[in-house]
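Worksheet for the structure shown next.
Computed from heavy atoms alone, side chains included, the values below leave out hydrogens, waters and symmetry copies. All values reported here derive from a predicted model rather than from experimental measurement.
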Amino acid sequence: MSVGVLALQGDFREHAEVLRSLGADVELVRRPEELARISGLVIPGGESSVMDKMARAFGLAEPLRAQIRAGLPVYGTCAGLIMLADSVLDAIRGQESLGGLDIAVRRNAFGSQTASFETDLDVPVLGATPVHAAFIRAPVVETVGPRARALATLADGRCVAVEQGNLLGTSFHPEITGEHRFHEYFLGTVARVGFRG
Ligand code: GLN
């Protein structure tokens with residue numbers, strides 16, 4: 001079994017590279033049949049409204065929702081986090097998410113592309129060394145429901161990383177700052193769960 005990276009749109013190549021560098025067998029996922037071959041999935045950063053349209057057009061959205069309900073481990077970064085949120089604030093008209101995480105995220109919470117920034121975050125589940133995180137037109141987790149738990153917050157207390165069961169999500173992009181611990185942590189979940197579709 002291998003780990004899939006949703007390759008409809010966004011920075012899927014960067015995720016595939018990080019996962020391969022950690023020894024994973026990577027499968028780029030664009031078609032529903034490819035879901036049967038993966039035991040975990042990364043949803044990259046990009047543009048969630050476009051990713052949503054493409055996922056529906058390619059017939060991937062429904063089978064993916066079913067896999068998530070069945071326990072497929074999924075890690076979403078930025079747009080990928082938006083795809084995993086049960087509720088999306090400031091979505092474009094008609095935009096849907098896959099859901100799974102009991103959270104409400106606000107898109108573009110820090111403003112436009114020019115308001116992108118980098119910062120160091122404490123992420124206790126990854127150890128004492130802070131995570132260097134890049135936020136690019138990033139969402140913020142406005143509400144963390146009772147089934148999800150926050151893994152990291154900004155200095156002002158806003159939540160930017162969450163976990164719920166086999167699902168993991170970050171507002172930022174570890175795949176572009178040389179930070180591999182989130183992917184390592186996720187591969188640990190994938191190995192432990194041993195999901196078969
Ligand atoms: N603003 C984008 C969205 O709404 C996310 C940006 C990103 O993934 N870097 O999907």
Side-chain angles (χ1 to χ4, degrees), residues 1-8 10-12 15-16 18-20 22-30 32-46 48 51-52 55 60-88 96-105 121 123-127 131 133 139 141 143-153 159-175 179-197:
M1 294 298 278
S2 49
V3 178
V5 179
L6 191 63
L8 299 173
D11 75 334
F12 55 86
H15 279 286
V18 174
L19 291 165
R20 284 194 189 105
L22 293 169
D25 218 351
V26 175
E27 176 103 31
L28 296 182
V29 173
R30 296 192 177 90
E33 340 39 296
E34 289 157 351
L35 290 175
R37 297 203 283 266
I38 56 166
S39 50
L41 180 71
V42 171
I43 305 182
S48 58
M51 219 181 276
D52 162 48
L60 264 169
E62 272 316 317
L64 246 177
R65 283 193 185 101
Q67 297 274 66
I68 291 171
R69 274 196 300 272
L72 176 73
V74 185
Y75 172 31
T77 63
C78 204
L81 168 70
I82 297 168
M83 293 297 287
L84 285 177
D86 281 346
S87 165
V88 181
E96 294 175 9
S97 67
L98 299 166
L101 284 174
D102 182 17
I103 58 170
V105 293
L121 290 174
V123 187
V125 293
L126 299 183
V131 164
V141 182
T143 312
V144 181
R147 283 171 294 140
R149 72 166 174 142
L151 296 183
T153 53
C159 173
V160 289
V162 288
E163 179 176 47
Q164 180 181 333
N166 302 338
L167 304 178
L168 177 68
T170 57
S171 297
F172 48 90
H173 291 268
E175 75 282 7
E179 171 59 68
H180 293 178
R181 284 175 292 167
F182 272 101
H183 292 79
E184 234 169 3
Y185 182 79
F186 178 64
L187 289 177
T189 303
V190 170
R192 196 180 65 246
V193 172
F195 183 87
R196 283 176 184 273

What residue among I82, I43, T170 forms side chain to side chain contact (heavy atoms under 4.5 Å, CB included) with T77?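 Checked I82, I43, T170 against T77; only one passes side chain to side chain contact (heavy atoms under 4.5 Å, CB included): T170.
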Of I38, V42, L8, which is the lone residue that meets side chain to side chain contact (heavy atoms under 4.5 Å, CB included) with V29?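 Passing option: I38.
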[X] vs [Y] side-chain heavy atoms within contact, under 4.5 Å:
X    : Y    : answer
T153 : V141 : no
F172 : V160 : yes
V3   : L41  : no

With a 3.5 Å distance limit and no angle check, can you tell me whether D86 reaches the backbone of G99 through a side-chain donor-acceptor pair?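 Not at all, since once roles are kept as given, no pair shorter than 3.5 Å links the two residues.
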Hey, does the side chain of E179 reach the backbone of R181 with a donor-acceptor pair shorter than 3.5 angstrom?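 Checked: pair present.
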To the nearest 0.5 Å, what is the distance between [atom1] on [X] and [atom2] on [Y]?
X    : Y    : atom1 : atom2 : result
L126 : L151 : CG    : CG    : 7.5 Å
S48  : L84  : OG    : CG    : 11.5 Å
M51  : L98  : CE    : CG    : 10.0 Å
I103 : L167 : CD1   : CG    : 9.5 Å
E27  : S2   : CD    : OG    : 4.5 Å
D11  : C78  : CG    : SG    : 8.5 Å

Would you name the heavy atoms of [X] and [Y] that are closest together and state the gap between them?
X    : Y    : value
D102 : R147 : OD2-N, 3.1 Å
S97  : A85  : OG-O, 2.6 Å
F186 : N166 : CE1-O, 4.4 Å
L121 : A152 : CD1-CB, 4.5 Å
F195 : A70  : CE1-O, 3.4 Å
V144 : C159 : CG2-SG, 3.9 Å

Could you tell me which residues satisfy side-chain hydrogen bond (donor to acceptor under 3.5 Å, both in side chains) with S171, sequence neighbours excluded, listed by chain and number?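 Partners of S171 under the side-chain hydrogen bond (donor to acceptor under 3.5 Å, both in side chains) test: none.
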So, using side-chain hydrogen bond (donor to acceptor under 3.5 Å, both in side chains) as the criterion, who are the partners of R196 when residues are at least two apart?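 R196: no side-chain hydrogen bond (donor to acceptor under 3.5 Å, both in side chains) contacts found.
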Test: salt bridge (charged side-chain N to carboxylate O under 4.0 Å, His left out). Region: residues 61-78. Which pairs qualify, not counting sequence neighbours?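 Residue pairs passing salt bridge (charged side-chain N to carboxylate O under 4.0 Å, His left out), neighbours aside: E62-R65, R65-E96.
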Pairs flagged by salt bridge (charged side-chain N to carboxylate O under 4.0 Å, His left out) wherever residues 159-171 is involved - sequence neighbours left out: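 Residue pairs passing salt bridge (charged side-chain N to carboxylate O under 4.0 Å, His left out), neighbours aside: R149-E163.
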Quick one: ring-ring contact (aromatic ring centres under 6.0 Å, His included) partners of H173, sequence neighbours excluded?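 Residues passing ring-ring contact (aromatic ring centres under 6.0 Å, His included) with H173: none at all.
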Please step through side-chain contact (heavy atoms from CB on, under 4.5 Å) for the pair V123 and F182, ending with a clear verdict. CA-CA 10 Å; V123 187; F182 272 101; 3.8 Å; yes
Any side-chain donor near an acceptor of the partner, Y75 and T189, under 3.5 Å: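 The answer is no; no qualifying pair exists.
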For A7, enumerate each residue passing the side-chain contact (heavy atoms from CB on, under 4.5 Å) test, keeping only those at least two apart in sequence or located in another chain.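 side-chain contact (heavy atoms from CB on, under 4.5 Å) check on A7 returns F12, L28, R30.
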